[in-house]
Amino acid sequence: MADAQDILSLCKRRGFLYPSFEIYGGVAGMYDYGPLGTALKNNIIEIWRRLYTLGEGFIEIDSETINPEIVFKASGHVDEFADKMVRCKVCSDAFRADHLVIEYHPNAGALKDKELDELIRINKVVCPACSGGLSSVEEFNLMFKTNIGPGSGRVGYIRPETAQGIFVNFPNLYRYNREKLPLGVIQVGRGYRNEISPRQGIIRLREFNMMECELFIDGEDKTWPRFDDVSSETLRLLANDGLEMEISIGDAVDQGIICNQVLAYFMWLTQEFLKAVGVDEERLRFRQHERDEMAHYAADCWDVESLLSYGWTEIVGIADRGCWDLSRHSQFSGVEMSSFKRLDEPQEMEIDRIKPRYDKLGPMYKGKAGKIGEVLEEADPVEVKDGSIIIEIDGEDIAISDELFEVVRVKEKVTGVRSIPHVIEPSYGLDRIIYTILEHAYSKKDDQTLLSLKQTVAPIKVGVFPLMARDGLDDLAKDIDQELRYSGIETYYDDSGSIGRRYARMDEIGTPWCITVDYQTREDGTVTIRERDTSSQVRVRFDEILDVVRAALCDVDLSMFAVE
RNA sequence: GCAGGUGUAAUCUAGUUGGUUAGGAUUUCAGCCUUCCAAGCUGACCGCCCGGGUUCGAAUCCCGGCACCUGCACCA
């Protein structure tokens, strides 16, 4: 297996990746993409984007990376990412400090570090695992905090995922989609996590690239229109009951291994994407989250893992997040986040409604009566208990006796129902995918490095060389180089060193083809085109070279252009 | 963050009883040569992670920092 050090060395040497701020000693978990890395990344993004926008009809947005605190209060990140931790001095296990003292304080979660320290000390709290002594409280905040605007007025955080930018825009996007589900929204961008210990090259970064999709669907209907077309396609699953299997997505859904069609469809789509950009199918699997690993709101979650020299590594997560995200944002913002599902036929329904008796409310509550009436009208009659109903007015609970209202049965025409959409989230770790592609493409034979990148993602598509940089061969080669570049094909012209060395340079950065102008070109107007992985050559017509390359880019067998 | 290991050129690496001008290979560049897979010759560029300390003298010893690797924990 390829050594991670070799890959990182190649990346640095050839301009895929550079450690950030290298001249100042570097910063852990931060890397810059060099020229080739950037091109590779852009190519991958473009394939992904097309798959979702052109293939599935999804829409793309680009939202802010700095968000006000409330966004992450609603998302749960403020609590989830800013734990107060203590560590066992003996077994070095970490625990949430507030959980350890919960029996000694009614509101342990609100305590300051020092107060928690104090409580732990006074009550002689020890490590729950081994009864060892505990360290003092440390703050673990994995979000980067900042201030929005001058002074220290408004707290903001740099986003740890792009997803929230989509959720908070849901009302706009739902309207853009003309109030229809399903609504698929994608975003490509950076996320930021102040990792405790970034390691393993670009596998765990502090500033990382994500491609995320949030698919909003009707929670009552998790079928997918194109599911039947692909239901016989297979995936390699590692379910959370420990069973590993190769199974069609149709069977997996039927047997309840994958919980619904939408999830299964996007798992398959993800596999197609990863194969298309060069992840080795043999080193790819879907691992289901353990029950305790899953976020509490998730119905099901599968990680796509690739086998790297670091071991099996998560590169994509595909989760059914239920209606959690939109519910929370609706709750925190007070904005409606539901969708309206029109019924096939409007239905006449008889419903019980509360009808306030304003003649009695008025004298009793004076100025408040109007508000109370409004709230009563919206209230559900089933909440009437023991002759009264409790309603909330201006943050105050008030019991309203049933003498002050009537429950009446009314006929209402129902044309549809409102519900909060569920979210299926395929979330792709771009940097990890890039690294996987590099490692899976990497091979070494007798000191010769070969990067077998798919032509779709290769930063440079064609190397163009004169066999000798003289006798007019160089001019002919430059003509070809220019023609290809002007046609939108990335090339690399090279006339330095032996021809073998030039092929080797291209092999090392994954360039799939090389065209060489030789002396025969002057005689019969043909050039050679060499295929990277086999180093086999085909002689083709000089004046057809653009067609040949275009065909090659469509994976057409080049032998059909051979002139010999 | 903890424990252990490591840090010499763009890359890989030799080099401690502390002692002259840190050696090699690859890459890159220039020139010569060269009619298809890293040929050869000549030359050039480029280095002891950073900062302190000990010493007449530090790549080498000590302290601190930074980075990388392995494990723990966390996670995309």
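Every chain is numbered from 1, with letters handed out A, B, ... down the list of sequences.
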- Item | Whole-Å C1' distance, B:C48 and B:G43 | 25 Å
- Message: Can you identify which nucleotide, out of B:C36, B:A10, B:C74, has its nearest atom closest to the A:Thr516 side chain?
- Response: B:C36
- Message: Over 60° means perpendicular and under 30° means parallel, so tell me whether A:Phe273 and A:Trp48 are parallel, tilted or perpendicular.
- Response: perpendicular
- Query: Can you tell me how far C1' in B:C63 sits from the matching atom in B:U55, rounded to whole Å?
  - Reply: 16 Å
- Shortest side-chain distance from A:Arg432, nucleotide among B:C68, B:C37, B:C75: B:C75
- Message: The test is side chain to side chain contact (heavy atoms under 4.5 Å, CB included); show your working for A:Phe167 and A:Val185 and say whether it passes.
- Response: CA-CA 10 Å; A:Phe167 296 138; A:Val185 186; over 6 Å; no
- Item | Nearest-angstrom distance, C1' atom, B:C49 to B:G57 | 22 Å
- Message: Using a distance-only criterion (donor-acceptor N/O pair, under 3.5 Å, no hydrogens), is the base of B:C36 paired with the side chain of A:Arg530?
- Response: no
- Message: Please classify the nucleic acid contact of A:Gly429 as base, sugar-phosphate, or nothing, using heavy-atom distances under 4.0 Å.
- Response: nothing
- Query: Starting at CG of A:Leu8 and ending at C1' of B:C68, how long is that distance when rounded to a whole Å?
  - Reply: 10 Å
- Message: Please determine whether any donor N or O and acceptor N or O are separated by less than 3.5 Å between the side chain of A:Tyr503 and the base of B:C36.
- Response: yes
- Under a 3.5 Å limit on both distances, the Watson-Crick or wobble mate of B:U11 is B:A25
- Note on the structure: Across every strand shown, the nucleotide meeting Watson-Crick or G-U wobble geometry with B:C46 (both distances under 3.5 Å) is none
- Message: In this structure, how many angstroms lie between the C1' atom of B:U34 and the CG atom of A:Asp494, rounded?
- Response: 15 Å
- C1' atom, B:U27 versus B:C12: distance in rounded Å? 11 Å
- Query: A:Leu10 near the nucleic acid: base, sugar-phosphate alone, or nothing, with a heavy-atom cut-off under 4.0 Å?
  - Reply: nothing
- Derivation of the salt bridge (Lys or Arg N to Asp or Glu O under 4.0 Å) call for A:Arg505 and A:Glu508: CA-CA 5 Å; A:Arg505 284 187 191 121; A:Glu508 197 175 25; over 6 Å; no
- Item | Interatomic distance where CG belongs to A:Asp3 and C1' belongs to B:C12 [whole Å] | 12 Å
- What does B:A67 pair with, Watson-Crick or G-U, if both distances are under 3.5 Å? B:U6
- Message: Any strand counts, and the cut-off is 3.5 Å on both contacts for Watson-Crick or G-U wobble. Which nucleotide pairs with B:G1?
- Response: B:C72
- Between B:C75 atom C1' and A:Ile315 atom CD1, what is the distance in whole Å? 16 Å
- Message: Less than 4.5 Å apart, side chain to side chain, heavy atoms only: is that true for A:Asp300 and A:Gln288?
- Response: yes
- Message: Using whole Å, what does the distance between atom P of nucleotide B:C68 and atom CZ of A:Arg206 come to?
- Response: 9 Å
- Message: Need one value for A:Leu430: base, sugar-phosphate or nothing, where a base atom within 4.0 Å counts as base even if backbone is also close, heavy atoms only.
- Response: nothing
- Pair of N/O donor and acceptor under 3.5 Å linking B:C69 base with A:Gln200 side chain: no
- For A:Glu22 and for A:Arg502, locate the closest nucleotide of RNA chain B by heavy-atom distance; then report the residue assigned to the nucleotide nearer the 5' terminus. A:Glu22
- Any strand: nucleotide that pairs with B:A39 via Watson-Crick or wobble, under 3.5 Å: none
- State which of B:A38, B:U11, B:C75 makes the closest approach to the side chain of A:Glu508. B:A38
- Hey, is the side chain of A:Arg501 pairing donor to acceptor with the base of B:C37 inside 3.5 Å? no
- Separation of B:C33 C1' from A:Ile499 CD1 (nearest whole Å): 16 Å
- Could you work out the separation of B:G71 and B:U28 based on their C1' atoms and round it to a whole Å? 39 Å
- Please determine if a side-chain N or O atom of A:Ser496 lies less than 4.0 Å away from the OP1 or OP2 oxygen of B:C29. yes
- Query: Which value, in whole Å, describes the distance between the C1' atoms of nucleotides B:C46 and B:U26?
  - Reply: 13 Å
- The nucleotide from B:C37, B:A38, B:C75 with an atom nearest the side chain of A:Gln537 is B:C37
- Picking from B:C36, B:U11, B:U34, which would you name as closest to the side chain of A:Arg470? B:U34
- Expressed in whole Å, how much space separates the C1' atoms belonging to B:A58 and B:G19? 10 Å
- Query: Are any of A:Arg13's side-chain N or O atoms less than 4.0 Å away from OP1 or OP2 of B:C12?
  - Reply: no
- Task: Nearest-nucleotide wise, let me know which of A:Ser498 and A:Gly201 is further upstream toward the 5' end of RNA chain B.
- Result: A:Ser498
- Message: Over all strands shown, is A:Arg505 touching base, sugar-phosphate only, or nothing at heavy-atom distances under 4.0 angstrom?
- Response: sugar-phosphate
- Between NE2 of A:His77 and C1' of B:C74 the distance, given in whole Å, is 14 Å
- Query: Parallel, tilted or perpendicular: which fits the ring planes of A:Phe266 and A:Tyr52, with parallel below 30° and perpendicular above 60°?
  - Reply: parallel
- Partner of A:Arg539 under side chain to side chain donor-acceptor pair (under 3.5 Å), picked from A:Asp518, A:Thr516, A:Asp524, is A:Asp518
- Task: Check the pair A:Glu60 / A:Arg49 against salt bridge (Lys or Arg N to Asp or Glu O under 4.0 Å), numbers first and verdict last.
- Result: CA-CA 8 Å; A:Glu60 178 173 10; A:Arg49 170 179 286 137; 2.7 Å; yes
- Under a 3.5 Å cut-off for both distances, is B:U17 Watson-Crick or wobble paired, and to whom? none
- Rounded to the nearest angstrom, tell me the gap between atom CD in A:Glu290 and atom P in B:C75. 14 Å
- Take atom CZ in A:Arg522; do more than 12 heavy atoms of anything else shown fall under 6.0 Å from it? yes
- Query: Can you tell me how far C1' in B:G47 sits from the matching atom in B:U21, rounded to whole Å?
  - Reply: 15 Å
- Task: For the side chain of A:Gln5, starting at C-beta, report the closest nucleotide among B:C69, B:C37, B:C75.
- Result: B:C69
- Task: Tell me, with the steps shown, if A:Ile434 and A:Tyr33 meet side chain to side chain contact (heavy atoms under 4.5 Å, CB included).
- Result: CA-CA 11 Å; A:Ile434 289 171; A:Tyr33 283 95; 3.6 Å; yes
- Query: With both distances under 3.5 angstrom, what nucleotide forms a Watson-Crick or G-U wobble pair with B:U54?
  - Reply: none
- Hey, does A:Gly317 reach any base, or is it just sugar-phosphate, or nothing, if we go heavy atoms under 4.0 Å? nothing
- Message: Starting the side chain at C-beta, find the nucleotide from B:C37, B:U11, B:C74 nearest to A:Arg204.
- Response: B:C74
